[in-house]
> 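Input: one structure, supplied below.
We number each residue from 1, following the sequence as shown.
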Amino acid sequence: MEEIVLRLQEPLFPSMTDVAVLSVDVSIAMVRVDGKCTANGAACAACKVWSDRVHGSYLRFPADVPSAGRSVVLRLRVRRFTCGNSECARRTFVEQIPGMMRRHGQRTERLRSTLASVCLALAGRAGARLSSVFGVSVSRSTVLRLVDALPEPEVPAPRVVGVDEYATRKGRHYGAVLVDSKPAVLSTY
């Protein structure tokens with residue numbers, strides 16, 4: 001059993017050396033992976049002082065990318081450390097595993113980026129329906145929040161801008177339209 005758990009560590013936690021897989025429990029509908037962080041300590045989020053004094057620990061249950069039609073739930077034991085800086089406003093802080101999940105996150109970064117890709121293509125109800133086919137149950141509001149949280153893409157400055165004015169309601173309401181009018185390439189046959 002120990003050998004199987006060691007083989008699963010790389011596919012489950014790629015490029016994460018500070019996470020150890022303790023056990024894997026597979027049922028009909030779900031895969032539960034027990035893990036813990038193996039780092040010697042962590043840096044305080046507020047003052048960046050390194051600490052190895054463990055205050056306590058608790059379990060986090062982030063959802064991960066489904067595997068073979070089964071939902072994957074991690075049972076991850078994280079430690080709370082005592083900050084060594086007496087002037088720091090935080091007395092204790094929780095270790096963060098970089099690349100695995102965000103602060104207060106309920107999903108791993110892999111699942112969040114997968115959902116964001118689906119949601120960016122479909123958005124709203126269609127994104128929620130397709131996500132449920134993948135084995136991840138999210139609401140349409142969550143889909144829209146994931147799309148809204150994505151960074152804005154870099155848009156180049158327009159070279160040519162077209163301006164048009166219009167009137168609606170028989171001249172009572174006026175408006176203007178600005179259009180990025182790239183020159184069209186006309187081909188002749």
> Of the non-hydrogen atoms in R80 and T92, which two are nearest, and what is the gap between them?
NH1-OG1, 3.1 Å

> Which is it for V138 and R107 under the side chain to side chain contact (heavy atoms under 4.5 Å, CB included) test, yes or no, and what are the steps along the way?
CA-CA 11 Å; V138 291; R107 296 175 191 86; 3.8 Å; yes

> Can you tell me if R70 uses its side chain to pair, donor with acceptor, with the backbone of S27 under 3.5 Å?
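At least one qualifying donor-acceptor pair exists.
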
> Drop me the distance from T82's OG1 to D52's CG, to the nearest 0.5 angstrom.
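T82 OG1 to D52 CG: 10.0 Å, rounded to 0.5 Å.
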
> How close do S131 and V118 get, heavy atom to heavy atom, and via which atoms?
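Smallest interatomic distance, heavy atoms only, reads OG-CG1, 4.0 Å.
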
> What are the two closest non-hydrogen atoms of R90 and R103, and how far apart are they?
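For R90 versus R103, the nearest heavy atoms are NH1-NH2, 3.1 Å.
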
> Which pair of non-hydrogen atoms, one from G124 and one from L144, has the smallest distance, and what is that distance?
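So the minimum-distance heavy-atom pair works out to N-CD2, 3.7 Å.
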
> Verify whether one side chain among R129 and S132 offers a donor that lies under 3.5 Å from an acceptor in the other.
no

> Are V72 and L59 connected in the hydrophobic side-chain network, where two residues link if heavy atoms are under 4.5 Å apart?
no

> Is there a path of hydrophobic side-chain contacts, each under 4.5 Å between heavy atoms of I, L, V, M, F, W or Y residues, that connects V177 with Y174?
no

> Under a single-linkage definition using a 4.5 Å side-chain heavy-atom cutoff for Ile, Leu, Val, Met, Phe, Trp and Tyr, are M101 and L115 assigned to the same hydrophobic cluster?
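M101 does not cluster with L115.
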
> If you take all heavy atoms of V143 and A128, which pair is closest and at what distance?
CG2-N, 3.8 Å

> Nearest 0.5 Å please: distance from the CD1 atom of I97 over to the CZ atom of R60.
8.0 Å

> Indicate, with yes or no, if V136 and V73 share a hydrophobic cluster defined by side-chain heavy-atom contacts under 4.5 Å among Ile, Leu, Val, Met, Phe, Trp and Tyr.
no

> Does any N or O in the side chain of R79 come within less than 3.5 Å of the main-chain N or O of A39, such that one atom is a donor and the other an acceptor?
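Side chain of R79 to backbone of A39: a pair is present.
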
> Taking the side chain as every heavy atom from C-beta outward, state whether C37 and V78 have any atom pair closer than 4.5 Å.
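Side-chain contact under 4.5 Å: no.
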
> How long is the straight-line distance from CZ of R32 back to OG of S71, given to the nearest 0.5 Å?
12.0 Å

> Cluster question for you: counting only ILVMFWY and a side-chain heavy-atom cut-off of under 4.5 Å, with indirect links fine, are F93 and V54 together?
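The answer is yes; both residues are in one hydrophobic cluster.
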
> What do the steps show when you test L76 against M100 for side chain to side chain contact (heavy atoms under 4.5 Å, CB included), and what is the final call?
CA-CA 11 Å; L76 190 64; M100 185 161 189; 4.0 Å; yes

> In Å and rounded to the nearest 0.5 Å, what is the NE2 to SG distance from H55 to C83?
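SG of C83 is found 12.5 Å from NE2 of H55.
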
> Can you measure from CD (E95) to SG (C44) and round to the nearest 0.5 angstrom?
13.5 Å

> Side chains of F81 and R53: closer than 4.5 Å at any heavy-atom pair?
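Side chain of F81 against side chain of R53, heavy atoms only: no contact under 4.5 Å found.
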
> Within a radius of less than 6.0 Å around CZ of R140, do more than 12 heavy atoms belonging to other residues, nucleotides or ligands occur?
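Not buried by this count: 12 neighbours or fewer within 6.0 Å.
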
> Calculate, to the nearest 0.5 Å, the distance between atoms CD and SG belonging to E87 and C47 respectively.
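Going from CD on E87 over to SG on C47, the span is 9.5 Å.
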
> Of all the heavy-atom pairs spanning G127 and L122, show the shortest one and how long it is.
N-CB, 3.7 Å

